[in-house]
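Note sheet for the following structure.
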Amino acid sequence: MNKTLIIGAGGVGRVVAHKCAMNADIFGAITLASRTKSKCDQIASEIKSVKIDTRSVDADSIEELIALIRDVQADIVINVALPYQDLTIMDACIATGVDYLDTANYEHPDEAKFEYKEQWARDEAFREAGIMGLLGSGFDPGVTNVFCAYAQKHYFDEIHTIDILDCNAGDHGYPFATNFNPEINLREVSANGRYWEDGKWIETEPMEIKMVWDYPEVGPKDSYLLYHEEMESLVKHIKGLKRIRFFMTFGESYLTHMKCLENVGMLGIEPVEHQGQKIVPMEFLKTLLPDPASLGPRTKGKTNIGIVAEGIKDGQKKKIYIYQVSDHEKCYEEVKSQAVSYTTGVPAMIGAKLMLEKVWYKEGVHNMEEFDPDPFMEELNKQGLPWKIQELE
Ligand code: NDP
């Protein structure tokens with residue numbers, strides 16, 4: 001029987017735990033570990049079909065991680081803590097010879113910059129240890145990479161442009177809240193935009209480029225160009241690519257709040273002196289904002305995330321749109337989480353399932369688009385994230 005270790009008991013961790021339990025024939029004995037054990041216990045108590053073992057762990061400590069992985073004799077570690085913990089968890093997997101999966105690329109807590117460099121640098125160590133690391137198995141990155149690989153495999157001889165289009169039209173009723181970890185979310189959104197064209201990265205001011213996209217089942221929405229991590233691996237792996245961009249929708253209220261918070265310094269990640277104490281403004285803001293996990297019961301509306309790819313097939317121009325629509329309330333009904341956590345947690349479970357089944361298995365550190373997209377696309381349909389394809393031209 002397999003043994004599965006999930007690290008991180010936040011919004012995404014809850015979905016992963018529920019979904020692994022629904023596929024217990026593959027995941028076997030499931031342990032959920034996080035900094036705060038009571039959060040693991042809460043999630044475990046919601047799952048009636050199998051018993052989930054719960055532990056506390058500080059995932060910044062390689063020693064603690066190694067001891068935990070050895071103790072539960074894990075076959076795979078699903079990392080759904082924060083991007084800050086990616087490297088320590090990867091190193092603990094190397095030390096113990098256990099496969100690794102995450103949903104977001106490494107970020108240093110003191111620098112709002114994310115890139116694959118340090119994770120890719122562990123490729124050789126993973127090979128030497130005879131283990132696999134699957135990076136970015138969430139929705140975006142994750143499913144969006146698989147959509148690109150699927151488009152390349154079945155629809156194009158060459159893909160020339162890709163636009164990744166991420167819409168969350170959910171309404172939680174608060175004037176301002178973030179749908180996943182506020183620190184990670186606000187750091188991403190307030191950073192400069194960046195896209196890739198003709199072999200180089202082009203930087204924009206934050207929110208400088210805007211377009212309106214008509215999202216099926218949602219409607220037209222303002223969509224802003226952001227840098228997003230899956231582009232870094234897709235430019236390496238999609239042949240013939242000339243341009244790739246990423247757009248995300250934001251409402252007026254969200255952007256106005258964010259601008260005000262930024263203007264008064266609340267998005268700062270450097271400590272400031274406050275009445276004899278050092279505080280990090282962004283961390284304090286996180287304390288004030290609603291816990292993303294608490295948004296589940298109040299969020300209504302849908303998400304629609306997809307890719308538009310243009311290129312050539314048999315000498316003809318072609319343009320397709322692959323997308324997935326999720327409903328916040330339905331997600332909550334199923335696993336007690338809103339759609340942003342759901343659409344991240346389900347692909348994390350699917351990636352881990354394919355690894356345990358050895359359907360997707362290659363030693364070393366890999367991104368999603370390096371594997372045959374077909375089994376993953378089939379699982380999406382079976383596990384709660386059905387997708388659609390439209391031929392636009
Ligand atoms: P949350 O903040 O809700 O949960 C993170 C969890 O990790 C918390 O339970 C937290 O513990 C735990 N944690 C943090 N630091 C440590 C530590 N040092 N040791 C042990 N546990 C720790 O985040 P989400 O669930 O929303 O996000 C989880 C991951 O998913 C993030 O990496 C995020 O970037 C990624 N993500 C990826 C997406 C994608 O599509 N690819 C989309 C959305 C998110 P505590 O409760 O004690 O604070």
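Numbering of ligands and ligand atoms starts at 1, following listing order. Heavy-atom basis, side chains included; hydrogens, waters and symmetry copies ignored.
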| What residues sit with at least one heavy atom under 4.0 Å from ligand 1? |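 Protein residues near ligand 1 are Gly8, Ala9, Gly10, Gly11, Val12, Ser34, Arg35, Thr36, Lys39, Val57, Asp58, Ala59, Asp60, Val80, Ala81, Leu82, Pro83, Gln85, Thr103, Ala104, Gly138, Phe139, Asp140, Pro141, Phe180, Asn181, Ile184, Thr344.
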
| query | What about the rings of Phe176 and Tyr174, do their centers lie closer together than 6.0 Å? | reply | no

| task | If a pair satisfies side chain to side chain donor-acceptor pair (under 3.5 Å) and one of its residues is in residues 158-168, list it, with sequence neighbours excluded. | result |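 Sorted pair list: Glu158-His160, Asp163-Arg245, Asn168-His328.
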
| request: Kindly write out the residues that satisfy side-chain contact (heavy atoms from CB on, under 4.5 Å) with Val212, not counting sequence neighbours, or none if the list is empty. | output: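 Expected list: Pro220, Asp222.
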
| request: Could I get the full list of side-chain contact (heavy atoms from CB on, under 4.5 Å) partners for Lys239, not counting sequence neighbours? | output: Gln152

| field | Other residues, nucleotides, ligands: >12 heavy atoms within 6.0 Å of Phe284 CZ | value |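 Counting neighbours around CZ of Phe284, 12 or fewer heavy atoms of other residues, nucleotides or ligands fall under 6.0 Å, so no.
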
| field | Side-chain donor-acceptor contact under 3.5 Å, Thr144 with Glu230 | value |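 The criterion, which ignores hydrogens and geometry beyond distance, is satisfied for Glu230 and Thr144.
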
